[in-house]
2 protein chains.
Amino acid sequence: MPEASSPTRKRIVDAATKLFYAEGIGRVSVDAIAEKAGLTKRTLYYHFKSKDDLIAAYLDARDQPNLKQMAGWFDAAEGGADRKVEAIFTNLARVARHPKWKGCGFLRTAAELASMPGHPAVKAGSRHKTNFEKWLAAELSARGVTAPHMLAREIVLLMDGAFSSMLIHHNPDYIGAAGHAAATLVRARTSSHQV
Amino acid sequence: MPEASSPTRKRIVDAATKLFYAEGIGRVSVDAIAEKAGLTKRTLYYHFKSKDDLIAAYLDARDQPNLKQMAGWFDAAEGGADRKVEAIFTNLARVARHPKWKGCGFLRTAAELASMPGHPAVKAGSRHKTNFEKWLAAELSARGVTAPHMLAREIVLLMDGAFSSMLIHHNPDYIGAAGHAAATLVRARTSSHQV
DNA sequence: CCAAGTATACCGCCTAGTGAATATACAAGC
DNA sequence: GCTTGTATATTCACTAGGCGGTATACTTGG
């Protein structure tokens, strides 16, 4: 029985993360992940009981780093809640220009696993998106915005729409439009500076 | 050289449509499509030069039917532009409850093919989404809404976000929230009945 | 000595794509 | 009216390789 904190396990997840995100889970073989991690497939199967398990571990490992990145962009932005929300989209549009950017790994995995609704990786994605929505609602609530939960959900919808549109059109303007719409929604629910 | 209007070709695309949408393009083999269409793989390869070609044909064939469905929901709804836009989301939430619903085929295919940005199927998806956005902008413009193109894009972003959120959470409330937000955006740009 | 971890080699199955032969339809030659 | 020629359309059998997963044996640190 392998340890959950094993450094070998971490190496496997790191290799899986790079390959799964770059190619998609269906296009990456377990052999390729083992080779990238510098070990054999048998060792990989000692640490994970199946490929499906490894996919779920990949997304679980991305939850906190992704949230931290979003929170970092939000915190670093100057101005009110509207400006901070828009800053997330502005930063997203910037990183999405990089050729290695391939959309949101959580959404892409859910799309690939649409025929397996109970798959642990889909659940991990759902948890992450819920965590983000809750974090955003709390930030908005702390800034005195009205109906913060509904607003957070609308912003999440715009963001997931931006991820999808960018992936299909390869045009960052869609992320900009989403950010603009999100900022407008925030301002409409901000008592000071009402627009 | 096969005919573009061949009934056999249509049978192949119909079989591919059902399987690709239900399982995802990577999880469906060419053998399975040939069997579903009631012919041999060699015949399929007589009508399509590769699986990639067939994937693109599948999405191209979905463009007009999908647009017609959206337009049908829009036209059938009573009330102003806001009610008609919200009706699209309401109908979407209804069909999304069906167990066979697996999200938007265009977005799911783009997600699966994220590592092949120039793939003809991704381009077909981009064309379809653009067609929908243009149709919606024209309908909004005809109803005297201000900034119809920007509004159409915002609604498209909410809709693609709704597709994605529904796929990852399996919760139709997200589609309802998107429809509500879309209707609010329309009302904010409608001169009569300003809210 | 023992158990955790790693390596080699393999299994059975599925994959996209192909070579060669064949069936069907229809037109031209006589 | 039959035969031959030709293009379209279809089938069977096959290749070469990749896939997830595993049986077995070895190494190494406590």
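Note on naming: letters A, B, ... go to the chains in the order of the sequence lines (proteins, then strands), and numbering restarts at 1 for each one. Keep in mind it's a predicted model, so treat the numbers as computed, not measured. When reading the values below, keep in mind they use all heavy atoms of this one structure, side chains included, and skip hydrogens, waters and symmetry mates.
Other residues, nucleotides and ligands contribute over 12 non-hydrogen atoms within 6.0 Å of the NZ atom of A:K102. Within a 6.0 Å radius of CE in A:M70, other residues, nucleotides and ligands contribute more than 12 heavy atoms. Residue A:K51 places its NZ atom among more than 12 non-hydrogen atoms of other residues, nucleotides or ligands, all under 6.0 Å distant. Residue B:H180 places its NE2 atom among 12 or fewer non-hydrogen atoms of other residues, nucleotides or ligands, all under 6.0 Å distant.
The NZ atom of B:K51 sits 8 Å away from the P atom of C:dT15 (whole-angstrom rounding). Across the protein-nucleic acid pair, B:D53 atom CG and C:dG17 atom C1' stand 13 Å apart, rounded to whole Å. Straight-line distance from the CD1 atom of A:I33 to the P atom of D:dG21: 11 Å, rounded to whole Å. Distance A:D52 CG to D:dG21 P: 7 Å, rounded to the nearest Å.
With rounding to the nearest 0.5 angstrom, the CG atom of A:L19 is 9.5 Å from the CD atom of A:E35.
The cluster map of Ile, Leu, Val, Met, Phe, Trp and Tyr, joined by side-chain heavy atoms under 4.5 Å apart, puts B:M116 and B:F48 in the same cluster.
With hydrogens and angles left out, the side-chain atoms of B:Q69 and B:W73 include no donor and acceptor closer than 3.5 Å.
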Under 3.5 Å, which N/O atoms of the protein pair with N/O atoms of nucleotides 6-10 of chain C?
residue : atom : partner : partner atom : Å
C:dT6   : OP1  : A:T8    : OG1          : 3.2
C:dT6   : OP2  : A:H47   : NE2          : 3.1
C:dA7   : OP2  : A:T40   : N            : 3.2
C:dA7   : OP2  : A:T40   : OG1          : 3.4
C:dA7   : OP2  : A:T43   : OG1          : 3.4

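A cation-pi arrangement, defined by a distance under 6.0 Å to the six-membered ring centre and an angle within 45 degrees of its axis, is present between A:R108 and A:Y21.
Contact check of residues 20-28 of chain A against DNA chain C (heavy atom, cut-off under 4.0 Å) returns no residues at all.
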